[in-house]
Amino acid sequence: MTLTRRTIPGFAALFSLPLAWVLLLMVVPYAIMISVGFWTRQFPLFYPDFQFGNYAQILADPQYTTVILRTLKIAACVTVCALLLGYPLAYFLVFTVRSQKLRNLLYMSVIVPLWVSYLLRAYTWKIILGTDGALNSLLVSTGLVSAPLDIFLYNQTAMVVTLVYIFVPFMVMPLFTVLDNIPRRLIEASEDLGVGPFMTFWKVIFPLSLGGVIAGATMTFCLSFGDFVAPVLVGGPDGTMVANLLQTQFGAALNWPLGSALATLVLALVLILLQLSSRLDRAGRVDLA
Amino acid sequence: MTSSPIVALDGVQKRYGAFVALHETDLAIAEGEFVTLLGPSGCGKTTTLRLVGGFEEASAGRIAIAGEDVTERPPYRRPVNTVFQDYALFPHMSVAENIGYGLTVRSGRIGRAERDRRVADALSMVGLDGMAERRPGALSGGQRQRVAMARAIVRRPRVLLLDEPLSALDVKLREGMQVELKRLHRELGITFLMVTHDQTEALALSDRIVVMNQGRIAQIGSPTELYDHPASPYVADFIGAANLLDAQALGGGAFRLAGGQTMASRRADAAAGRKVSLGIRPERLLVASSAGGNALDCTVTERLFHGDRLRVELALDGATRPLFAEMARTAAAEGFAPGSRVTVHADPADVMVFETGDRP
Ligand SMILES: Nc1ncnc2c1ncn2[C@@H]1O[C@H](COP(=O)(O)OP(=O)(O)O)[C@@H](O)[C@H]1O
Ligand SMILES: [Mg+2]
């Protein structure tokens, strides 16, 4: 006789526990958030309702659409910069550093900042870029400029720089993993067939690392899309991002229905992005065995 | 060799730190030869092949291919191609793309039509017509092997390097592929340098075999030379098999074994008193129930059935290592049950003599 899952009573109990967890702490809050998005507000109270006024307001008011577009733009910039920085770094770690010990050490030094407080890491850039900051001291002391400049801080470039610094490990990690998993034999085979290192990179290494590029880009993009600290610390007056708007709606503006609608939109955007990235990943997936 | 060699190793050595994977080695391979590097695992065969391919840098010595010194040249500037042990097919390319890969980049002068034709030719040469669009992941082991072959020969290298090309295949497939390798070698007319640890494979395919042992060449020769005239007990036992008996020369072609019995050899002599190893191939040991010339007294300890042949394990009086004899399954041979006393004869012409130690 075979034991079916049904015949083991503990089995169901064991696996319903995480299910209850997901239900209670994820599905229910999301359901609440989505439904509150349809409520109406009569300051200072909200009433249950089913109407699309909040969404209409978001899409009609350029204040919101501008911020959403700006957030998309900044997240895209951060992703591209992190890729341009992270890929060469991961490549260097995997293919150039010969000693396993040194490689692990360097890799850890990329990852370790993740253990340092996120706020602290963002704050670092305020210190570096400020008028009395490290960058200005350097420029003044080398005589490149006569007086400290205030152009470095409180703008979108400063936000991109800060966010790239904070999130670049999330780009390097998947890239390091995929590059490290490419069999060295394939690179040797390419060179054996008369193909030099440069074309070997474009025809063998890069295509086989696309999975890591997609994973890293998705993570970096989603994380910077939802960021609200960099705008506050190093962003200027035109630095507000979606997450700051959300914060305002739920806080100072006390407009939960509008905030919920906005959050639902953001959630939808991120879900679409994740879906896209997993499609891309599946299309390009190859069996390395 | 009459013409200059296509591959020449001159004092080539390879060290990994303090470990010497290949001791100073000279080797010359003639154009069109099928040469096999043969030896047990870890003896430096792959290292030698990788040195020729350019994947390892020689620690000392020079390597020349087709008359040009390539010691410092990277793999992509050497006129050789490799069939890797695990095939190393590009998983993100189709079979046709894999085979055409080596024709796309540096051979930019080749037109698209010409490239397609050569890929198609290579595919049919290895019997893979109709598989062009498959991904390597959708192929069997034998088919992958053929793609790897096609990819390497499509560039018409001067030398084809093969690292244990058949070791990943099952026995039946391996025998078929041996025949095909031989056919490809004949049809292409290029030099093959193959690595294997399988002596039957080496004997069946090679014009010459390079027997290796612990990072050194033990002997180079044609299969028959190595089989008939091994230079050392190691080669005698590795090519075919050999019973090795410790003995002391008595002079005049006579030798006294450790147990006190004597043997004669007509193949070689050694100064009286010298320590030697006598080698007798199992198929040259004749087992009989009665005494004869040049015979040894033994007891049968085991009898193993090998299809049409029998293999008998014998305990030689006064010796520690067992002897093996192989014979056809005759009625007499069937009678050698374990425990029976027999004598084994060897023609003095079949007794190989290897000097081992110094004079006592
Ligand atoms: N990259 C390496 N680093 C250190 N030792 C190596 C390296 N490659 C091979 N060796 C050693 O060199 C010896 C010969 O290896 P190899 O040529 O692969 O033997 P085989 O005859 O089995 O092909 C082995 O003992 C192996 O451990
Ligand atoms: Mg090997």
Side-chain angles (χ1 to χ4, degrees), chain A residues 87 90-91 94-103 174-217 277-289, chain B residues 16-17 46 49-50 52-56 73-94 97-110 122 134-139 141 144 147-148 150-157 159-163:
Chain A
Y87 201 106
Y91 184 94
V94 171
F95 292 109
T96 313
V97 180
R98 289 268 176 110
S99 137
Q100 186 73 36
K101 242 190 212 152
L102 184 63
R103 177 183 316 164
L175 284 174
F176 181 87
T177 310
V178 287
L179 288 175
D180 202 36
N181 277 331
I182 294 177
R184 295 297 187 278
R185 272 294 151 79
L186 294 183
I187 295 160
E188 287 180 355
S190 174
E191 300 207 336
D192 181 70
L193 292 163
V195 178
F198 183 73
M199 286 313 283
T200 294
F201 173 79
W202 283 114
K203 301 195 122 202
V204 177
I205 299 175
F206 188 69
L208 290 177
S209 69
L210 272 181
V213 172
I214 292 168
S277 111
S278 85
R279 289 245 173 116
L280 258 175
D281 189 40
R282 240 173 296 146
R285 176 152 295 171
V286 286
D287 189 7
L288 276 183
Chain B
Y16 293 109
T46 298
L49 200 76
R50 289 173 60 80
V52 176
F55 306 113
E56 302 288 350
R73 278 204 222 161
Y76 50 93
R77 295 228 180 83
R78 297 190 185 201
V80 301
N81 284 122
T82 308
V83 177
F84 291 89
Q85 185 165 11
D86 51 7
Y87 314 142
L89 301 179
F90 303 119
H92 57 302
M93 297 181 197
S94 69
E97 285 168 337
N98 261 285
I99 297 172
Y101 182 80
L103 300 174
T104 49
V105 182
R106 283 177 73 80
S107 336
R109 273 151 269 128
I110 297 182
R134 295 250 194 117
R135 285 283 176 97
L139 298 179
R144 282 183 211 184
V147 177
R151 186 176 70 173
I153 61 176
V154 77
R155 284 172 47 87
R156 299 173 185 162
V159 183
L160 187 66
L161 307 177
L162 306 105
D163 192 358

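Naming convention: chains lettered A, B, ... in sequence-line order (proteins, then strands); numbering from 1 in each chain. Because the structure is a prediction, the values reported are computed rather than measured. Just the heavy atoms: all of them, side chains too, but no hydrogens, waters or symmetry mates, feed the values below.
Heavy-atom distances place no part of B:L161 under 4.5 Å from chain A, backbone and side chain included. In this structure, chain A has no heavy atom under 4.5 Å from any part of B:R78.
Shown here is A:R184, whose CZ atom has more than 12 heavy atoms of other residues, nucleotides or ligands within 6.0 Å.
Minimum heavy-atom separation, A:E188 to B:F55: O-CE2, 3.5 Å. Listed here is the closest heavy atom pair of B:A88 and A:A189: O-CB, 3.8 Å.
Interatomic distance, B:M93 CE to A:L208 CG, rounded to the nearest 0.5 Å: 8.0 Å. Here the CE-OH distance, from A:M199 to B:Y101, works out to 7.5 Å after rounding to the nearest 0.5 Å. With rounding to the nearest 0.5 Å, the separation of CZ in B:F90 from CD1 in A:I187 is 9.5 Å.
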Item to check | Worked verdict on A:L210 versus B:H92 for side chain to side chain contact (heavy atoms under 4.5 Å, CB included) | outcome: CA-CA 11 Å; A:L210 272 181; B:H92 57 302; over 6 Å; no
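For the side chain to side chain contact (heavy atoms under 4.5 Å, CB included) test with A:L193, the passing option among B:N81, B:T82, B:L103, B:N98 is B:N81; the others fail.
Using a 4.5 Å heavy-atom cutoff, the side chains of B:Y76 and A:P197 are in contact.
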